[in-house]
Number of protein chains: 2
Amino acid sequence: MQFSKSTDYALHALIHLAQAEDRNNIGVKELSAILSVSESYLSKIMSKLRKDGIVRAVSGVKGGYELAKTAEEITFLEVIQAIEGRQQMFECSNLNSKQHQLLAELSNTEPKPKATDRDECLVKKVMDGAEQHLHQYLREHTIQFVLDQATKRCNYSINKK
Amino acid sequence: MQFSKSTDYALHALIHLAQAEDRNNIGVKELSAILSVSESYLSKIMSKLRKDGIVRAVSGVKGGYELAKTAEEITFLEVIQAIEGRQQMFECSNLNSKQHQLLAELSNTEPKPKATDRDECLVKKVMDGAEQHLHQYLREHTIQFVLDQATKRCNYSINKK
DNA sequence: ATATTATGGATATCTAATGTCCATAATAAA
DNA sequence: TTTATTATGGACATTAGATATCCATAATAT
């Protein structure tokens, strides 16, 4: 139950892009040097961020990446989901639960959800609750939040002198 | 970022043990049949639960497993940690952060923590916060909670008739 | 003594994460 | 237009961890 290294790299890369908001685009070459990752690996990560609309990319000589929205708008949750995908944290082996999920997926089409969730596994319900709880926290924390904290810390250092 | 199948099996096994609290010990043979898992695999899982003091085991003919505490006392968190281990959800590649953690571990001995955490990575701080948040939820939900929910559901069914 | 059950070591298999390489497309600058 | 630079995506290799099985041994009720 661990977040992947890729998620770690993605978050740190976004922090760097946010801090260099005024500058031109930043290429994978520069980012990979800062993060101490190989260019080829970081490329895959940045591609995922682009596909999910978190960064913009431009090819060519002065190309590279930049944020596609403000740092305020980029939540930890969407970064994590861009990298790790959107599968649920807990997949229940319980048959009732699996049937329930299957029905829910099928009902994405026409005949309405029906909300007969009395048969879903209660263990899964607790775990889904945990996931929602975690997501809420991750939605409330943005890239901007980290930048703000860094500023505070810096001020503190200055005052100290 | 998913919980393992083992965790799923462990939780369901504990629910069954809790529901059969009055009966004798329940063996892996019976549990594995209920959960549709192999005996050999479930054995490993039950061993982990025993090592962490969640269940008691007794060998021999009428042997098997029983809860080592009340269902009220068994939290989702401790079950998950018994199975998945206690590593942190987020390991930071950031060098400052790694150094910080190393120092923290070393200072487990004599010369006191020192609490100079100004250098720890802010990304990691957010992620550690998320983990604490999740843990709090998982600590607040026990095996007993699931049993209670099941009772409610059952009552509802009866009333319906 | 016998049958039954848990325990732990060794090992095999499978899957996902990690990581690299290369051909191709896009673009700025010369 | 040519060149250098950068992103993109496919294919592939490597590694680590989860999943799964088997077996020898210990414990225990009958």
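Naming: A, B, ... by sequence-line order, numbering from 1 per chain. As the structure is a computational prediction, the values presented were derived from the model and not from experiment. Below, all heavy atoms of this structure are taken into account, side chains as well, without hydrogens, waters or symmetry copies.
The two residues R139(A) and Q132(A) come nearest to each other via the heavy atoms NH2-OE1, 4.3 Å.
With pairs defined as Watson-Crick or G-U wobble and both atom distances under 3.5 Å, the stems of at least three pairs that touch DNA chain C come out as C:1-30 with D:1-30.
The interatomic distance linking E84(B) (CD) with dA16(D) (C1') rounds to 16 Å, in whole Å. Rounded to whole angstrom, the span from the CD atom of E66(B) across to the C1' atom of dT28(D) amounts to 15 Å. In this entry the distance linking OH of Y9(A) with P of dT18(C) reads 8 Å, nearest Å. Spacing between atom CD of Q2(A) and atom C1' of dA16(D) amounts to 12 Å, rounded to whole angstrom units. The interatomic distance linking K5(B) (NZ) with dT19(D) (P) rounds to 7 Å, in whole Å. Atoms CD (Q87(A)) and C1' (dA16(C)) sit 10 Å apart, rounded to a whole Å. Atom CD in E91(A) sits roughly 13 Å away from atom P in dT15(C) (whole-Å rounding). Per the geometry, CG belonging to N24(A) stands 14 Å off C1' belonging to dT27(C), to the nearest Å.
Between the side chains of Y41(B) and S32(B), no donor-acceptor pair of N or O atoms lies under 3.5 Å.
Contact annotation: S38(A) reaches the phosphate of dT20(C) (side-chain N/O to OP1 or OP2, under 4.0 Å).
Under the side chain to side chain contact (heavy atoms under 4.5 Å, CB included) criterion, K69(B) pairs with E73(B), I74(B), E78(B), sequence neighbours left out. Partners of Q144(A) by side chain to side chain contact (heavy atoms under 4.5 Å, CB included), not counting sequence neighbours, listed by chain and number: A71(A), E72(A), T142(A), L147(A), D148(A). A search for ring-ring contact (aromatic ring centres under 6.0 Å, His included) contacts involving H141(A) returns Y137(A), F145(A), not counting sequence neighbours. For S40(A), the side-chain hydrogen bond (donor to acceptor under 3.5 Å, both in side chains) partners two or more places apart in sequence, or in a different chain, are S38(A). The side-chain hydrogen bond (donor to acceptor under 3.5 Å, both in side chains) check on E140(A) picks up Q136(A), with sequence neighbours excluded. Applying the side chain to side chain contact (heavy atoms under 4.5 Å, CB included) criterion to N24(B), with sequence neighbours excluded, gives no partner residue. Looking at residues two or more places apart in sequence or on another chain, you find a side-chain hydrogen bond (donor to acceptor under 3.5 Å, both in side chains) between S4(A) and T7(A), E84(A).
Each of M1(B) and A57(B) lies near DNA chain C, and the nucleotide nearest A57(B) is the one positioned closer to the 5' end.
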Contact list (N/O, under 3.5 angstrom) for nucleotides 3-5 of chain C vs protein:
unit_1 : atom_1 : unit_2 : atom_2 : d
dT5(C) : O4'    : G60(B) : O      : 3.0
dT5(C) : O2     : G60(B) : N      : 3.4

Name every donor-acceptor pair, under 3.5 Å, that has one atom in a side chain of residues 58-68 of chain A and the other anywhere in the protein, sequence neighbours excluded.
unit_1 : atom_1 : unit_2 : atom_2 : d
E66(A) : OE2    : R56(A) : NE     : 3.3

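Taking a 4.0 Å limit (strictly below) on heavy-atom distances, residues 39-52 of chain B reaches DNA chain C at S43(B), K44(B), S47(B), R50(B), K51(B).
Among residue pairs with one or both ends in residues 26-49 of chain B, those qualifying as salt bridge (charged side-chain N to carboxylate O under 4.0 Å, His left out) are R23(B)-E30(B); sequence neighbours excluded.
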